[in-house]
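In what follows, a structure is listed as structure tokens, so that the remarks can point back to it.
We use all heavy atoms of the structure for the numbers below, so side chains are in, but hydrogens, waters and symmetry mates are not.
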Amino acid sequence: MNKTILITATFLGFTGIILGAFAAHGLKELIPLEFVKTFETGVRYQMYHALFLLFVGSTSYVSVKSKKLIFYFTVVGWLFFSGSIYGLATNMLTTFDFKTIGFITPIGGLCFILAWGILFVNFIKMNGNN
């Protein structure tokens with residue numbers, strides 16, 4: 001599980017850097033500045049959670065069961081939250097209307113919150129000797 005989490009974390013970090021550069025240099029010419037800022041919000045949360053998964057995948061302080069739950073909630077959160085924000089910010093560039101799936105953005109945010117909550121509960125349950 002750790003290898004999967006770490007590979008996913010590096011993928012999110014790698015693509016986050018690419019998407020951030022694209023937002024800073026490529027999107028400025030294509031969409032209004034307010035939408036570029038929206039896109040950058042998606043990138044920021046993707047990067048936060050890349051670092052989050054790097055920590056989760058490399059620590060022994062989190063149980064395997066918690067790691068699995070954190071991993072799945074984080075991946076779904078990334079797809080729903082950051083993914084929908086990318087689509088909504090660039091909506092004018094596509095023929096698909098991403099506004100029809102905009103309701104998944106807060107579901108993605110909830111998944112992020114649940115992942116962090118699981119980590120919090122895992123730490124509360126730790127032995128004092130760890």
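Placement of Ile5 and Val64 in two distinct hydrophobic clusters is found when ILVMFWY residues are connected by side-chain heavy-atom separations under 4.5 Å, directly or transitively. Under the 4.5 Å side-chain heavy-atom criterion for grouping Ile, Leu, Val, Met, Phe, Trp and Tyr, Phe81 is connected to Phe103 within one hydrophobic cluster. Hydrophobic clustering places Leu79 together with Phe96 (ILVMFWY residues linked when any side-chain heavy atoms are closer than 4.5 Å, directly or through intermediates). Cluster annotation: Tyr72 and Val62 are assigned to the same hydrophobic cluster (Ile/Leu/Val/Met/Phe/Trp/Tyr, side-chain heavy-atom contacts under 4.5 Å, transitive). Cluster membership check: Ile85 shares its hydrophobic cluster with Tyr45, using side-chain heavy-atom separations under 4.5 Å among Ile, Leu, Val, Met, Phe, Trp and Tyr.
Remark: of the listed residues Thr4, Asn2, Asn122, Thr59, Asn2 is the sole one forming a side-chain hydrogen bond (donor to acceptor under 3.5 Å, both in side chains) with Lys67.
Rounding to the nearest 0.5 angstrom, the gap separating the CZ atom in Phe39 from the CG atom in Leu33 is 14.0 Å. Note: Leu53 CG to Trp78 CH2 = 10.5 Å, rounded to the nearest 0.5 Å. With rounding to the nearest 0.5 angstrom, the NE2 atom of His49 is 10.5 Å from the CD1 atom of Ile70. Between the CZ atom in Phe71 and the CD1 atom in Ile118 there is a gap of 13.0 Å [rounded to 0.5 Å]. Rounded to the nearest 0.5 angstrom, Ser66 OG and Lys125 NZ are separated by 7.0 Å. With values rounded to the nearest 0.5 angstrom, Phe52 atom CZ is found 5.0 Å from Leu119 atom CG.
Tyr86 pairs by the side chain to side chain donor-acceptor pair (under 3.5 Å) definition with Gln46, not counting sequence neighbours. Every residue two or more places apart in sequence or in another chain was checked for a side chain to side chain donor-acceptor pair (under 3.5 Å) with Thr8, and none qualifies. Residues that satisfy the side chain to side chain contact (heavy atoms under 4.5 Å, CB included) test with Asn91, not counting sequence neighbours, are Thr94, Asp97, Phe98, Lys99.
Heavy atoms only, all atoms of each residue included: Gly13 and Met47 are closest at O-SD, 3.6 Å. Across all non-hydrogen atoms, the minimal contact from Leu88 to Gly102 is CD1-CA, 4.2 Å. In terms of heavy atoms, Thr105 sits closest to Ser84 at OG1-OG, 2.5 Å.
For residues 4-24, no pair satisfies ring-ring contact (aromatic ring centres under 6.0 Å, His included), with sequence neighbours left out.
Between Leu30 and Phe35 there is no side-chain heavy-atom pair separated by less than 4.5 Å.
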Report, one line per pair, each donor and acceptor closer than 3.5 Å where one atom sits in a side chain of residues 107-114; sequence neighbours left out.
none

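Around atom CZ of Phe120, no more than 12 heavy atoms belonging to other residues, nucleotides or ligands sit under 6.0 Å away.
At least one donor-acceptor pair under 3.5 Å links the side chain of Thr10 to the backbone N or O of Ile7.
Through direct or indirect side-chain contacts shorter than 4.5 Å among Ile, Leu, Val, Met, Phe, Trp and Tyr, Leu6 is connected to Leu51, Leu54.
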